[in-house]
Number of protein chains: 2
Amino acid sequence: MAEKVTIATVAKYAGVSRQTVSNVLNTPEVVREETRRKVYEAVEALGYRVSQAARQMRTGRSRLIATRIESTGDGINGSVLDRFLHALTETAARSGYRVILYTAADDETEIATYEDLLGTYQPDAFVLASTHHSDTRTTWLAERGLPFVTFGRPWDAPDRHLWVDVDGAAGTAAATRHLLEAGHERIGFLGWPSGSGVGDDRRQGWLRAMTAAGQDTTGLDHACLDTVAEAEAAVGALLDRDPAPTALVCASDSLALGAMQAARALDRPLAVTGFDDTPVARAIGLTSVSQPLEEAAARCVRLLTRLLDGEAEAEEPVLLQPSLVVRDTT
Amino acid sequence: MAEKVTIATVAKYAGVSRQTVSNVLNTPEVVREETRRKVYEAVEALGYRVSQAARQMRTGRSRLIATRIESTGDGINGSVLDRFLHALTETAARSGYRVILYTAADDETEIATYEDLLGTYQPDAFVLASTHHSDTRTTWLAERGLPFVTFGRPWDAPDRHLWVDVDGAAGTAAATRHLLEAGHERIGFLGWPSGSGVGDDRRQGWLRAMTAAGQDTTGLDHACLDTVAEAEAAVGALLDRDPAPTALVCASDSLALGAMQAARALDRPLAVTGFDDTPVARAIGLTSVSQPLEEAAARCVRLLTRLLDGEAEAEEPVLLQPSLVVRDTT
DNA sequence: TTGAAAGCGCTAACAT
DNA sequence: ATGTTAGCGCTTTCAA
């Protein structure tokens with residue numbers, strides 16, 4: 001077992017004082033070049049690493065970013081947040097931060113977790129995903145002046161915090177245009193019951209593209225819960241009507257998969273697009289809207305570091321553009 | 001902004017010394033009941049929480065468990081580890097531990113990350129998933145006497161560490177028996193190229209069940225990379241042979257999905273089972289072997305806490321049994 | 001440019 | 001059963 005290497009070990013090895021080592025590490029520009037070099041050598045030779053705990057005691061900063069890991073639910077779409085989390089961990093590490101996890105069933109228990117975490121591990125910041133209407137988490141954090149960024153825009157507007165989001169409406173609009181260009185005219189939308197920020201946003205994109213193309217959308221807007229089974233049932237009923245849509249823009253890959261299965265069961269042609277470009281879409285060759293998750297995570301980290309360094313004045317929310325991954329030939 | 005509440009604040013409020021507060025928190029049995037109550041009241045009233053950083057400075061323990069978050073890869077199977085991670089976070093929190101994440105592309109960089117983490121955040125333990133042949137990570141950790149548990153057994157045997165795993169062979173055996181009971185006789189296996197511990201284990205289960213049933217397995221064992229496309233191609237070719245299998249036990253849901261698609265494309269009946277009961281299986285009604293991930297995570301945490309409390313003498317590796325989720329009527 | 005002193009909040013060891 | 005002392009490893013004054 002190697003001896004514990006502290007700043008004192010390094011100082012002795014390099015023949016300088018403890019303080020000088022600290023300076024080299026934190027404010028290198030203030031130290032003479034030669035001394036600096038000697039210290040770096042010692043650090044290297046001894047494999048020294050600053051103890052976060054000790055540093056935190058002095059500075060009050062933990063270099064920890066807390067975020068929630070979701071229970072994957074239906075699972076198909078859950079993978080999106082997992083990919084985001086992976087990217088977040090990676091980019092945060094590059095900026096010298098680590099991600100610490102927690103779980104929470106609802107806003108209330110999540111806020112209780114904030115209190116606990118802030119008292120114990122004292123994360124420097126939070127990243128919140130899955131923002132929704134009347135999200136009490138952001139107000140709670142904002143009221144206390146705690147640094148945080150949301151992945152997902154605030155859907156109620158009052159909050160004035162920094163966020164990163166992907167333009168869902170632009171995604172469904174692109175999907176709609178893709179279908180229009182393929183010659184479809186009666187293009188329906190299958191989304192979630194209205195009232196969810198994300199869902200309504202995606203519906204808007206379809207509506208906008210249809211309107212821009214001069215298409216009538218009456219009777220083409222449908223909604224059901226976000227599961228494959230629900231979608232299958234809904235689309236089955238839909239295809240019985242007259243006139244039935246020839247294509248369907250879906251708010252998620254789950255819905256899209258359900259729609260495809262319904263169409264196949266009835267042996268009816270139906271062009272479908274999904275959302276999130278999940279593994280399922282890749283697997284079954286489904287055209288889907290893809291979110292730039294690595295970019296989103298990187299932007300979150302950037303906003304956060306600016307915030308923590310007190311340089312966030314000039315920073316603004318970020319709205320990223322998704323891309324359409326075309327897979328079928330419909 | 002609330003004032004910082006330290007152990008001193010609590011002590012003053014309760015009218016006792018700092019040390020007494022610490023005793024109440026860490027060894028309550030040593031404090032008189034009344035004093036204890038007073039201190040608890042003060043803690044409650046002030047919303048006091050111990051600072052991990054300060055505690056860590058004294059005790060050397062961070063109450064942090066480090067684990068890797070994987071890049072989801074193909075994605076379909078990736079969701080298994082995400083669910084495990086969720087469960088791990090939840091059960092660890094219940095034992096007073098938090099999960100800290102890192103990423104790594106291979107064993108080598110992962111070990112470098114251990115060194116970094118141990119020097120900086122000093123996690124108390126590691127949880128490693130995705131064990132494989134000649135896994136250098138476990139030897140590195142074991143050599144240094146660092147506490148860790150693997151989710152996945154050691155496939156090379158030399159290591160003598162604690163692990164939790166799910167009996168994959170039992171899973172594929174159950175799937176095979178299910179198909180046998182449904183009347184199938186020529187039941188093939190579609191797995192990964194031999195050499196992977198997990199894959200070979202799953203193959204063994206099928207082989208064992210077939211042999212037990214007196215079925216000949218010649219020409220029924222197939223392998224390809226773990227993607228839907230590979231499986232689709234492989235199974236397409238397979239069904240052209242004579243005699244073709246009437247059912248296929250697959251080593252993953254990805255492979256199973258590919259197999260189903262190939263059969264449907266050729267309009268050939270083929271009963272298929274998958275592995276991991278991923279969202280995809282649920283979505284498309286695929287019979288699949290389900291791993292008890294919550295249980296696995298809980299066992300990992302239990303082994304770890306025993307290890308950290310120095311009470312692991314009696315602890316042994318844990319092999320959990322999977323269950324078969326029957327979805328179709330084949 | 002470098003060094004010495006102080007203290008962050010906690011708990012192990014010792015003293016009462 | 002409770003209190004006192006010391007010190008974990010670091011950085012922020014302040015002095016040389």
Side-chain angles (χ1 to χ4, degrees), chain A residues 2-40 42-43 46-64 96 117-122 124 308-309, chain B residues 2-40 42-43 46-64 96 117-122 124 309-310:
Chain A
E3 287 308 297
K4 187 163 290 181
V5 179
T6 77
I7 213 169
T9 329
V10 178
K12 203 188 304 178
Y13 188 102
V16 298
S17 78
R18 293 196 340 238
Q19 183 45 33
T20 302
V21 177
S22 176
N23 282 338
V24 170
L25 264 32
N26 299 294
T27 43
E29 67 278 8
V30 96
V31 179
R32 190 151 41 104
E33 160 130 18
E34 196 196 317
T35 323
R36 211 189 308 162
R37 200 182 37 68
K38 272 196 307 193
V39 171
Y40 282 137
V43 165
L46 299 167
Y48 168 78
R49 296 229 163 50
V50 288
S51 152
Q52 261 312 311
R55 173 178 274 182
Q56 184 181 345
M57 293 232 42
R58 277 306 299 185
T59 63
R61 297 187 48 176
S62 62
R63 303 203 74 94
L64 242 29
L117 241 23
L118 288 167
T120 54
Y121 293 88
Q122 299 166 51
D124 291 337
L308 293 171
D309 295 346
Chain B
E3 286 308 297
K4 188 164 289 181
V5 179
T6 78
I7 214 170
T9 330
V10 177
K12 204 190 302 177
Y13 188 101
V16 298
S17 78
R18 292 192 343 233
Q19 183 50 30
T20 302
V21 176
S22 175
N23 282 338
V24 170
L25 264 32
N26 299 295
T27 43
E29 67 279 8
V30 94
V31 179
R32 189 153 42 104
E33 159 132 18
E34 197 197 316
T35 323
R36 210 189 307 161
R37 200 182 36 70
K38 273 197 305 193
V39 170
Y40 282 138
V43 165
L46 300 167
Y48 168 78
R49 296 228 162 49
V50 289
S51 153
Q52 262 311 314
R55 173 178 274 180
Q56 184 182 345
M57 292 231 47
R58 274 309 293 185
T59 64
R61 297 187 47 174
S62 61
R63 302 203 74 92
L64 243 27
L117 241 22
L118 288 167
T120 54
Y121 293 88
Q122 298 165 40
D124 291 337
D309 295 346

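Convention: sequence-line order gives letters A, B, ...; per-chain numbering from 1. Keep in mind that the numbers below use all heavy atoms, side chains included, and drop hydrogens, waters and symmetry copies. In this text the structure is predicted, and so the values were computed from the model without any measurement.
Between the CD atom of B/Gln56 and the OG atom of A/Ser51 there is a distance of 6.0 Å, given to the nearest 0.5 Å. For the atom pair A/Tyr121 OH and B/Arg49 CZ, the distance stands at 12.5 Å (nearest 0.5 Å). Atom-to-atom distance recorded for A/Thr20:OG1 and A/Lys38:NZ is 9.5 Å, nearest 0.5 angstrom. A distance of 7.0 Å separates CG in B/Leu25 from OH in B/Tyr40, rounded to the nearest 0.5 Å. Here A/Lys4 contributes atom NZ and A/Thr9 contributes atom OG1; the two are 10.5 Å apart, rounded to the nearest 0.5 Å. Expressed to the nearest 0.5 Å, how far CZ of B/Arg61 lies from CD of B/Gln52 amounts to 10.0 Å.
In this structure, A/Tyr13 and A/Val43 have side chains that are not in contact, with every pair of non-hydrogen atoms separated by 4.5 Å or more.
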Q. B/Asn23 and B/Arg18: side chain to side chain donor-acceptor pair (under 3.5 Å), yes or no, with the steps?
A. CA-CA 9 Å; B/Asn23 282 338; B/Arg18 292 192 343 233; over 6 Å; no
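Along DNA chain D, read 5' to 3', the first and last nucleotides having any atom under 4.0 Å from a heavy atom of chain B are D/dA1 to D/dG9.
Distance A/Arg61 CZ to C/dC8 C1': 16 Å, rounded to the nearest Å. Here the P atom of nucleotide C/dT1 and the CD atom of A/Glu29 are 10 Å apart, to the nearest Å.
Residue A/Glu33 qualifies as open at atom CD: its count of foreign heavy atoms under 6.0 Å is 12 or below.
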Q: Quick one, give me the B/S/- string for nucleotides 10-16 of chain C, reading 5' to 3', where B means a protein heavy atom under 4.0 Å from the base and S means that only happens at the primed atoms, P, OP1 or OP2.
A: BBBB---
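Here the shortest heavy-atom pairing between B/Leu46 and B/Val5 reads O-CG2, 3.6 Å.
With axes fitted over five pairs at each extremity, the angle between the ends of the helix from C/dT1-D/dA16 to C/dT16-D/dA1 is 40° (10° resolution).
When each of B/Arg32 and B/Met57 is assigned the nucleotide of DNA chain D with its nearest heavy atom, B/Arg32 is the one assigned upstream, toward the 5' end.
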